[in-house]
Amino acid sequence: MVAVDFSYKDWLKKRKTTTRVFVAVQFAIGIEYSMTFTTLYVYLKDVLHITNNLNAFYSSICGIYVLTQIVASLVLCRLFDKCRTLKLFFTLVTFITFVGNVLYTIPYSPYLLLAGRFLSGAGGSLRPIILSELTRSYPSDEVMAQMSTMSVSYGIGFTLGPAINFAFVKARFTLLGIPIGYANGAGLALSIAFLVAFAMSLFFVSDLSKEFDLKEEIQKMDANKQSVDSLCGANEEDPSEIFSDFDNEPLLGKDSSENRTEVNQLGIIETLMKLFTSIDIVLIFVLSFFAFITMLMQDLWIPMAVIKLLHWTALEINLIFLFNGTIISLMCLFLVFKPPSKNQLVNLGILSFVTTCYTFGCFLYFRLVNSMEWINVALWVTYPFMMSPIAIVDEIFMMSVLAKMVPSKIQAFSESVRLMCSRFGATLGLFTAAFAFEHILYVCPLFMAISLVLMLFLIWRKEHFQNPRMVI
């Protein structure tokens, strides 16, 4: 799998440096996902003075961003699985995202915003690429902590994104002939962030799995009836340390290009067919879709519930979002230092459906009762603690289980398909939230019933998720 001049110690150093870049890029992606949505409507209405087609441009710009994420992830991740040139992909995608945010910053036409979000949506493909490289480059008992770290970084960026807008509230200046104000300040901040990410990609990213695919090496050992535990013996070494004994020596005496299996020869359609004929993988995709439609729908419900039902102000809305993001990020941070066991993780997945019922129950209460102020406050305080299992299950549980069910050679592509399901759920949640809120008396019970059904499916397949097996 590796060349004769391969050095495991050098590779570990590259892995450490590249992982740090992953953390920074995840942070930037999190900021971008939330930062521009908070100012886009103001940008179109008050800066570009769009009146006739305001809603059409608003929906189109949001939609093209998510659509580009889906398409770019499927195409680029499939290509990445074949060539593994991580440095090339990172520099290319971060530069395209940088250009997209520059176009978004230019306040002369809504079509520039549309083109900008079209290009910057390509940055969404970096998430599955990052997660696939972590799975290929770290031993299985370390992958969970690394995924938690990425989720924390993304979550902090997602939480801080809207807060950065406050720095541009009174901004009135010109940069290179471009007027900068509150609405397009987000584009300027994101342009700088992805320019830094582009520079980091040029100098600090390495082709990790192309040099050495740790996951594939362990899979080959398992296939040859050589379990990692037996190789470690009484010394109880970490699985990754097995390979350190071969430092500066050929592990298999082959280059990675010589080890492509028949899985790698499959086209996109054939690979999708294999993914969607596994009941466990399909269940993962469905759970990811449901988790995101739940989170996005409820995120859009929060301002509507606060204003229309509780008759509070925008201050309470901002406090709720800030508190929610902080609690969920802290929960993910806790998992970095204390990763759950596989049994605990599955139980957390089951628990998430109970908490989903609770969160929808909160909105039902606000719609039907909301007469006691202290109960209203108590429900919002407990709300993020109930939402955190839903976010954690999607960000960590689904990723880690899926990673063990697919071979290394389609790691990025399979994760991009899972994210595609998540983003379809997010898109559906965005476009239906307002309509659903008007019929909340029917929507909440429906989603609570679906949660219970999915919980029963997860309980039924619990053993398969606790001990996932390769299904392709």
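Contact annotation: the side chain of Leu310 approaches that of Phe366 to within less than 4.5 Å [non-hydrogen atoms, C-beta and beyond]. Counting heavy atoms from C-beta outward, Pro445 and Leu364 have side chains that approach closer than 4.5 Å. Side-chain contact between Phe118 and Leu103 is absent, with no heavy atoms from C-beta onward closer than 4.5 Å. Contact of the Ile130 side chain with the Tyr154 side chain is not registered, since no non-hydrogen atoms from C-beta on lie closer than 4.5 Å. Looking only at side-chain heavy atoms (C-beta outward), Ser451 and Phe290 come within less than 4.5 Å of each other. Using a 4.5 Å heavy-atom threshold, the side chains of Met200 and Thr94 count as separate. Using a 4.5 Å heavy-atom threshold, the side chains of Ser191 and Thr105 count as touching. At a threshold of 4.5 Å between non-hydrogen side-chain atoms, the residues Ser109 and Leu48 do not count as touching.
Between Phe360 and Phe447, the gap from one ring centroid to the other is short of 6.0 Å. Close placement of the Phe285 and Phe276 rings is indicated, their centers lying within 6.0 Å of each other. For Phe413 and Phe80, the ring centers are positioned 6.0 Å apart or more.
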Legend entry - Stepwise side chain to side chain contact (heavy atoms under 4.5 Å, CB included) check, Trp301 with Leu309: CA-CA 11 Å; Trp301 279 2; Leu309 303 181; over 6 Å; no

Inset, instruction - For side chain to side chain contact (heavy atoms under 4.5 Å, CB included), just list the numbers for Ser137 and Trp11, CA-CA rounded to whole Å, side-chain angles, deciding distance to a tenth of an Å, and then say yes or no. - result: CA-CA 10 Å; Ser137 304; Trp11 182 82; 3.9 Å; yes

Legend entry - Glu316/Ile302 under side chain to side chain contact (heavy atoms under 4.5 Å, CB included): CA gap, chis, key distance, verdict: CA-CA 10 Å; Glu316 283 79 9; Ile302 290 175; over 6 Å; no

Inset, instruction - Show your working on side chain to side chain contact (heavy atoms under 4.5 Å, CB included) between Met405 and Ile284 and close with a plain yes or no. - result: CA-CA 11 Å; Met405 290 183 174; Ile284 288 175; 4.0 Å; yes

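Applying the salt bridge (charged side-chain N to carboxylate O under 4.0 Å, His left out) rule to pairs touching residues 428-453 yields Lys308-Glu438, sequence neighbours excluded. Among residue pairs with one or both ends in residues 279-293, those qualifying as salt bridge (charged side-chain N to carboxylate O under 4.0 Å, His left out) are Asp280-Arg461; sequence neighbours excluded. Among residue pairs with one or both ends in residues 412-422, those qualifying as salt bridge (charged side-chain N to carboxylate O under 4.0 Å, His left out) are Asp394-Arg418, Glu415-Arg418; sequence neighbours excluded.
Nearest approach of Cys83 to Lys210, heavy atoms of both residues: O-CD, 3.7 Å. Closest non-hydrogen pair, Ile328 versus Met387, comes out as CD1-CB, 4.4 Å. Here the closest heavy-atom approach between residue Ser416 and residue Pro128 is recorded as N-CB, 3.8 Å. When every heavy atom of Leu348 is checked against every heavy atom of Val393, the shortest pair comes out as O-CG2, 3.8 Å. Annotation for Ile61 and Pro110: closest pair CD1-O, 4.2 Å, computed over non-hydrogen atoms. Residues Thr135 and Leu131 share a closest heavy-atom pair of OG1-O, 2.9 Å.
Taking Thr277 as the reference, nothing meets the side-chain hydrogen bond (donor to acceptor under 3.5 Å, both in side chains) condition, with sequence neighbours excluded. Residues satisfying the salt bridge (charged side-chain N to carboxylate O under 4.0 Å, His left out) criterion with Lys404, sequence neighbours excluded, are absent altogether. With sequence neighbours excluded, the residues forming a side chain to side chain contact (heavy atoms under 4.5 Å, CB included) with Ser60 are Leu114, listed by chain and number. For Phe90, the ring pair (Phe, Tyr, Trp, His ring centres under 6.0 Å) partners at least two apart in sequence or on another chain are Phe22. In this structure Lys462 satisfies the side-chain hydrogen bond (donor to acceptor under 3.5 Å, both in side chains) test together with Asn347, sequence neighbours excluded. The side-chain hydrogen bond (donor to acceptor under 3.5 Å, both in side chains) check on Glu133 picks up Arg136, Ser209, with sequence neighbours excluded. The ring pair (Phe, Tyr, Trp, His ring centres under 6.0 Å) test applied to Phe385 returns no partner, not counting sequence neighbours. Taking Ser201 as the reference, nothing meets the side-chain hydrogen bond (donor to acceptor under 3.5 Å, both in side chains) condition, with sequence neighbours excluded. Under the rule for a side chain to side chain contact (heavy atoms under 4.5 Å, CB included), the partners of Leu446 that lie at least two apart in sequence or sit in another chain are Ile450.
Between atom CZ of residue Arg127 and atom CD1 of residue Ile29 there is a gap of 7.0 Å, rounded to the nearest 0.5 Å. Distance check, rounded to the nearest 0.5 Å: CZ of Phe465 to CE of Met398 gives 6.5 Å. Atoms CZ and OG1, from Phe289 and Thr294 in turn, are 9.0 Å apart once rounded to the nearest 0.5 Å. Taking CG of Asp207 as the reference point, atom CZ of Arg84 lies at 10.5 Å (rounded to 0.5 Å). Here the CE-OG distance, from Met470 to Ser408, works out to 8.5 Å after rounding to the nearest 0.5 Å. Of the inter-residue distances, the one linking Phe194 atom CZ with Ser120 atom OG reads 8.0 Å to the nearest 0.5 angstrom.
Side-chain atoms of Gln344 come within 3.5 Å of backbone N or O of Ser341 as a donor-acceptor pair. Side chain of Ser132 to main chain of Ile129: a donor-acceptor pair is present (N/O by atom type, distance under 3.5 Å, no hydrogens or angles). Distance alone, capped at 3.5 Å, places no donor-acceptor pair between the Lys215 side chain and the Gln411 backbone. One N or O on the side chain of Lys87 and one on the backbone of Leu202 form a donor-acceptor pair closer than 3.5 Å. Under the 3.5 Å distance criterion, the side-chain polar atoms of Arg367 are left unmatched by any main-chain donor or acceptor of Ile440. Between the Tyr104 side chain and the Ala186 main chain, no donor and acceptor come within less than 3.5 Å of each other. The backbone N or O of Phe27 lies less than 3.5 Å from a partner atom in the side chain of Ser153, making a donor-acceptor pair.
At most 12 non-hydrogen atoms from other residues, nucleotides or ligands lie less than 6.0 angstrom from CZ of Phe95. Heavy-atom contacts from other residues, nucleotides or ligands closer than 6.0 Å to OH of Tyr358 number more than 12.
If you check the side chains of Thr359 and Gln298, you find a donor sitting under 3.5 Å from an acceptor.
Arg20 forms no cation-pi arrangement with Phe204, by the criterion of a distance under 6.0 Å to the ring centre and an angle within 45° of the ring axis. Judged by the 6.0 Å distance and 45° axis criteria, Arg423 is not positioned over the aromatic ring of Phe292.
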